[in-house]
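Note sheet for the following structure.
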Amino acid sequence: LKSIQFESSNISIGEGCFMNCQKLSSFESKTTKNILIKTKSFEMCEELNKFSIINGNEYTFENEILIKNPKLATFEIKGDSIRFSNSISNFCSNLKKINIEINKPIKITNLTFAECKSITDIILSNKSTIEIAQESFKELCALNVINLNSKEIIIGERCFINSFSVMSK
């Protein structure tokens, strides 16, 4: 299994569903309205480099859906609403780009992208509120671009502490 592409009205991916799929390199959904991805669904998919869901309505991500994916480079979500249940990606040592464009409020907790130290680009956009908890993106030494676009932006204490190469585009 190298690539997964889903097109459906509703998708629910069970806990550990694709765990340890060693050759899986991409997960994409371009028209699914509602997606629920349960805990550890993509754990240890060592070749996974792209996770992209666009043009949907409601996305729910439970804890640790993307953990121990050393080649994950792109996390892209575009749609109406998103709900993170705390940490979704731990130990994704190659994650470079986070692009979340959602119509409803975006809330990033301090554990959402824990231990993803290679992030270079953070793009968050919506029509109402972006809230980033304290220390959410700390110690991102490779960070080059932060693009936040919203009516209201709330950035927590020490959010980007020790992210040395920070600059705005």
Side-chain angles (χ1 to χ4, degrees), residues 13 25-29 35-56 58-169:
I13 298 175
S25 63
S26 71
F27 174 83
E28 297 181 71
S29 180
I35 296 178
L36 167 63
I37 301 178
K38 296 194 174 188
T39 302
K40 299 183 180 182
S41 294
F42 294 91
E43 181 177 8
M44 296 182 351
C45 297
E46 293 183 2
E47 295 297 316
L48 185 64
N49 65 19
K50 182 178 182 182
F51 188 91
S52 177
I53 302 173
I54 58 176
N55 297 325
E58 186 173 323
Y59 311 131
T60 302
F61 301 109
E62 290 188 354
N63 288 330
E64 301 179 333
I65 64 165
L66 294 165
I67 59 173
K68 299 177 185 171
N69 294 295
K71 294 186 180 178
L72 183 65
T74 302
F75 181 83
E76 175 183 47
I77 305 293
K78 296 179 182 180
D80 194 44
S81 73
I82 189 169
R83 186 174 64 81
F84 295 115
S85 298
N86 231 348
S87 174
I88 65 160
S89 61
N90 281 337
F91 306 106
C92 295
S93 57
N94 198 43
L95 183 60
K96 304 268 188 250
K97 184 174 184 179
I98 298 169
N99 184 4
I100 301 173
E101 298 177 29
I102 298 292
N103 292 328
K104 294 186 180 171
I106 298 171
K107 184 173 184 175
I108 305 291
T109 72
N110 63 345
L111 297 173
T112 303
F113 294 101
E115 302 300 324
C116 298
K117 301 297 183 190
S118 295
I119 296 171
T120 60
D121 296 47
I122 298 171
I123 301 164
L124 304 176
S125 178
N126 76 9
K127 296 177 181 175
S128 58
T129 304
I130 295 172
E131 184 176 346
I132 305 172
Q134 66 183 22
E135 299 184 5
S136 292
F137 295 111
K138 68 180 182 179
E139 299 176 7
L140 300 180
C141 296
L143 188 60
N144 289 316
V145 175
I146 301 169
N147 185 343
L148 307 176
N149 182 4
S150 185
K151 286 183 182 177
E152 180 180 26
I153 299 171
I154 302 165
I155 300 175
E157 295 176 14
R158 300 172 307 282
C159 185
F160 295 99
I161 191 168
N162 294 329
S163 296
F164 300 113
S165 62
V166 174
M167 63 182 164
S168 181
K169 233 182 187 180

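What's counted below: heavy atoms across the whole structure, side chains too, no hydrogens, waters or symmetry copies. Predicted model, so just to flag it, every value in this text is computed and none were measured.
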So do the side chains of [X] and [Y] get within less than 4.5 Å of each other, counting heavy atoms only?
X: Glu43; Y: Glu64; value: no
X: Leu66; Y: Leu72; value: yes
X: Glu58; Y: Ser81; value: yes
X: Ile154; Y: Ile132; value: no
X: Asn99; Y: Ile77; value: no
X: Lys78; Y: Asn55; value: no
X: Asn94; Y: Pro70; value: no

So how far is it from [X] [atom1] to [Y] [atom2], rounded to the nearest 0.5 Å?
X: Ile54; Y: Tyr59; atom1: CD1; atom2: OH; value: 8.0 Å
X: Ile130; Y: Ile108; atom1: CD1; atom2: CD1; value: 8.5 Å
X: Phe61; Y: Ile53; atom1: CZ; atom2: CD1; value: 4.0 Å
X: Glu157; Y: Glu135; atom1: CD; atom2: CD; value: 9.0 Å
X: Ile13; Y: Ile35; atom1: CD1; atom2: CD1; value: 7.0 Å
X: Glu131; Y: Thr109; atom1: CD; atom2: OG1; value: 10.5 Å

Assign the ring pair Phe51 / Phe42 to parallel, tilted or perpendicular, where the plane angle (0 to 90°) is split at 30° and 60°.
perpendicular
Are Phe27 and Asn49 close enough, and set up right, to give a side chain to side chain contact (heavy atoms under 4.5 Å, CB included), and what steps lead you there?
CA-CA 9 Å; Phe27 174 83; Asn49 65 19; over 6 Å; no
Regarding Thr120 and Asn144, do their side chains bring together a donor and an acceptor under 3.5 Å, going by distance alone?
no
Before giving the answer on side chain to side chain contact (heavy atoms under 4.5 Å, CB included), spell out for Glu139 and Lys117 the whole-Å C-alpha distance, their side-chain angles and the decisive distance to 0.1 Å.
CA-CA 7 Å; Glu139 299 176 7; Lys117 301 297 183 190; 3.9 Å; yes
Salt bridge Glu46-Lys71, side-chain N to carboxylate O under 4.0 Å
no
Salt bridge check, Asp121 against Lys96: does any charged N sit closer than 4.0 Å to a carboxylate O?
no
Could you go step by step and tell me if Ile119 and Lys97 meet the side chain to side chain contact (heavy atoms under 4.5 Å, CB included) rule?
CA-CA 6 Å; Ile119 296 171; Lys97 184 174 184 179; over 6 Å; no
I'd like to know whether Asn126 forms a side chain to side chain donor-acceptor pair (under 3.5 Å) with Ser150, so could you lay out the CA-CA distance, the side-chain angles of the two residues, the decisive distance to 0.1 Å, and finally the verdict.
CA-CA 5 Å; Asn126 76 9; Ser150 185; 2.6 Å; yes
Pick out which of Ile106, Ile155, Ile123 makes a side chain to side chain contact (heavy atoms under 4.5 Å, CB included) with Leu148.
Ile155
Member of Asn162, Ile161, Ile146, Ile122 meeting the side chain to side chain contact (heavy atoms under 4.5 Å, CB included) criterion with Leu140:
Ile122
So, does Thr129 use its side chain to make a donor-acceptor pair with the main chain of Glu152 at under 3.5 Å?
no
Locate the shortest heavy-atom distance separating Glu76 from Lys50; write the atom from each residue and the value.
OE1-CE, 4.4 Å
Taking all atoms of both residues into account, what is the closest heavy-atom pair of Ser93 and Ser118, and its distance?
O-OG, 2.6 Å
For Glu101 and Ser125: C-alpha separation, side-chain torsions, deciding distance, then whether side chain to side chain contact (heavy atoms under 4.5 Å, CB included) applies.
CA-CA 5 Å; Glu101 298 177 29; Ser125 178; 4.0 Å; yes
